[in-house]
Amino acid sequence: MFLIYQPEGQDEPTRWRYQPKKLMSVEREDIERRTGKNFSDFTTAVVQGNSLCRRALLFTFLRRDHPKTRFEDVDFAWDELKLEYSRQELEQIRKNILENTHGDQLAAALTAIDQQMETAFDDVAEEGKAELPIAD
C-alpha cells in the first residue's frame, strides 16, 4: 500500500510505501500515544479512513524526511492525502474475492478491482506474497 500526499500547488505527489510491520517501534509507540489506539486498531482505522490516524501516519512519514516537523504543523485537505493498494495487493484481494464471492456481487467486485489495477503501482521492492496493510 502507498500513502500519497499531494498538497495544493505541488506538481507531483509524494509517495511512501506503507507497510505497518516495517514501521519502527518508536514510530509505532508515538502513533499509539497520538491516536490513543493500539497499533493493530490503528492500522485498521487508517484503511477505514480515520482522520486522526491518517494524520499521524502522514506525520510519521513527513518526519522521516524532515525531522523537525511538528505534529501541530501537519494539516491537509482530505483530497490531498490518499491510500492506494499496490498492484500485488489488488491481485491478492482479487484472488480472495474469487474464492469467497458469488453472483452479482462477484461481478461488481471484480469490475471495481480490475479498474483499480489498471492504474495501480507495482510494489517492486516487495518480494513474495503481498500482505494487506493490517498489523496483527
Side-chain angles (χ1 to χ4, degrees):
M1 178 166 270
F2 295 96
L3 179 69
I4 302 161
Y5 179 50
Q6 187 172 9
E8 187 174 325
Q10 183 174 313
D11 292 336
E12 293 295 320
T14 303
R15 180 180 306 274
W16 295 278
R17 182 174 289 105
Y18 170 49
Q19 298 171 292
K21 294 178 181 179
K22 299 293 185 184
L23 291 176
M24 300 305 294
S25 60
V26 170
E27 293 172 326
R28 291 190 311 268
E29 291 166 8
D30 184 63
I31 284 169
E32 288 178 344
R33 278 191 296 276
R34 290 182 188 284
T35 64
K37 294 184 179 294
N38 69 47
F39 193 69
S40 180
D41 292 340
F42 163 81
T43 62
T44 300
V46 164
V47 173
Q48 291 177 342
N50 180 287
S51 298
L52 178 61
C53 292
R54 287 195 178 187
R55 182 178 176 205
L57 183 60
L58 176 60
F59 170 69
T60 300
F61 285 111
L62 287 173
R63 190 168 53 178
R64 286 180 178 180
D65 296 336
H66 310 283
K68 294 188 180 196
T69 301
R70 296 177 326 142
F71 187 75
E72 298 76 27
D73 296 334
V74 177
D75 190 22
F76 58 92
W78 192 248
D79 65 350
E80 296 175 343
L81 186 71
K82 62 183 176 176
L83 289 170
E84 286 182 0
Y85 287 106
S86 70
R87 181 178 315 280
Q88 290 76 7
E89 290 166 327
L90 289 170
E91 288 169 355
Q92 183 64 39
I93 292 169
R94 190 178 199 284
K95 181 180 174 188
N96 292 343
I97 288 171
L98 284 169
E99 293 172 359
N100 300 306
T101 311
H102 305 286
D104 291 341
Q105 284 183 322
L106 174 62
L110 290 177
T111 298
I113 289 290
D114 291 344
Q115 286 175 348
Q116 290 179 47
M117 287 178 69
E118 289 177 14
T119 59
F121 278 80
D122 282 322
D123 197 355
V124 293
E126 273 302 301
E127 294 183 19
K129 183 178 174 184
E131 293 185 18
L132 296 181
I134 305 295
D136 303 357

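The figures here come from the full heavy-atom set of this structure, side chains too, leaving out hydrogens, waters and symmetry mates.
Here Glu99 contributes atom CD and Leu106 contributes atom CG; the two are 11.5 Å apart, rounded to the nearest 0.5 Å. Going from atom CZ of Phe42 over to atom OG1 of Thr35 covers 6.5 Å, rounded to the nearest 0.5 Å. Atom-to-atom distance recorded for Arg63:CZ and Leu58:CG is 11.5 Å, nearest 0.5 angstrom. One finds the CZ atom of Phe39 at 10.0 Å from the OG1 atom of Thr44 (value rounded to the nearest 0.5 Å). A distance of 12.0 Å separates CG in Leu90 from CD in Gln115, rounded to the nearest 0.5 Å. The CD atom of Glu8 lies 8.5 Å from the CG atom of Asp79; values are rounded to the nearest 0.5 Å.
The side chain to side chain contact (heavy atoms under 4.5 Å, CB included) check on Arg87 picks up Glu91, Met117, Ala120, Asp122, with sequence neighbours excluded. Under the rule for a side chain to side chain contact (heavy atoms under 4.5 Å, CB included), Glu12 has no partner lying at least two apart in sequence or in another chain. When the salt bridge (charged side-chain N to carboxylate O under 4.0 Å, His left out) test is applied to Lys82, the partners found at least two apart in sequence or on another chain are Glu84.
Within the structure, every pair that satisfies the side-chain hydrogen bond (donor to acceptor under 3.5 Å, both in side chains) test and touches residues 105-114, not counting sequence neighbours, is listed here: Arg94-Asp114. Listed by first and then second residue, the ring pair (Phe, Tyr, Trp, His ring centres under 6.0 Å) pairs involving residues 87-111 amount to none (not counting sequence neighbours).
Side chains of Phe76 and Pro7 form no contact here, defined as non-hydrogen atoms less than 4.5 Å apart. Counting only heavy atoms from C-beta outward, the side chains of Leu57 and Leu81 never approach each other to under 4.5 Å. At least one side-chain heavy atom of Leu110 sits under 4.5 Å from a side-chain heavy atom of Leu98. Looking only at side-chain heavy atoms (C-beta outward), Leu52 and Lys37 stay at 4.5 Å or farther from each other. Gln88 is not listed as a side-chain neighbour of Gln92, based on a closest heavy-atom distance of 4.5 Å or more.
The cluster map of Ile, Leu, Val, Met, Phe, Trp and Tyr, joined by side-chain heavy atoms under 4.5 Å apart, puts Trp78 and Tyr18 in the same cluster.
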Counting only pairs under 3.5 Å, give me each side-chain donor-acceptor contact of residues 64-71, with atom names and distances, residues two or more places apart or in other chains.
residue	atom	partner	partner atom	Å
Arg64	NE	Glu27	OE2	2.8
Arg64	NH2	Glu27	OE1	2.8
Arg64	NH2	Glu27	OE2	3.3
Asp65	OD2	Trp16	NE1	3.3
Thr69	OG1	His66	O	2.7
Arg70	NE	Asp73	OD2	3.2
Arg70	NH2	Asp73	OD1	3.2

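In this structure, Gln10 places its CD atom where more than 12 heavy-atom neighbours from other residues, nucleotides or ligands lie under 6.0 Å away.
The closest donor-acceptor contact from the side chain of Arg17 to the backbone of Phe2 lies at 3.5 Å or more, if one exists at all. Here the side chain of Gln6 pairs no donor or acceptor atom with the backbone of Thr14 at under 3.5 angstrom. Using modelled atom types, one side-chain atom of Arg28 and one backbone atom of Leu23 make a donor-acceptor pair closer than 3.5 Å.
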Residue pair Arg54, Leu83: steps toward the side-chain contact (heavy atoms from CB on, under 4.5 Å) verdict
CA-CA 9 Å; Arg54 287 195 178 187; Leu83 289 170; 3.6 Å; yes
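The shortest heavy-atom contact between Tyr5 and Asp75 is OH-O, 4.2 Å.
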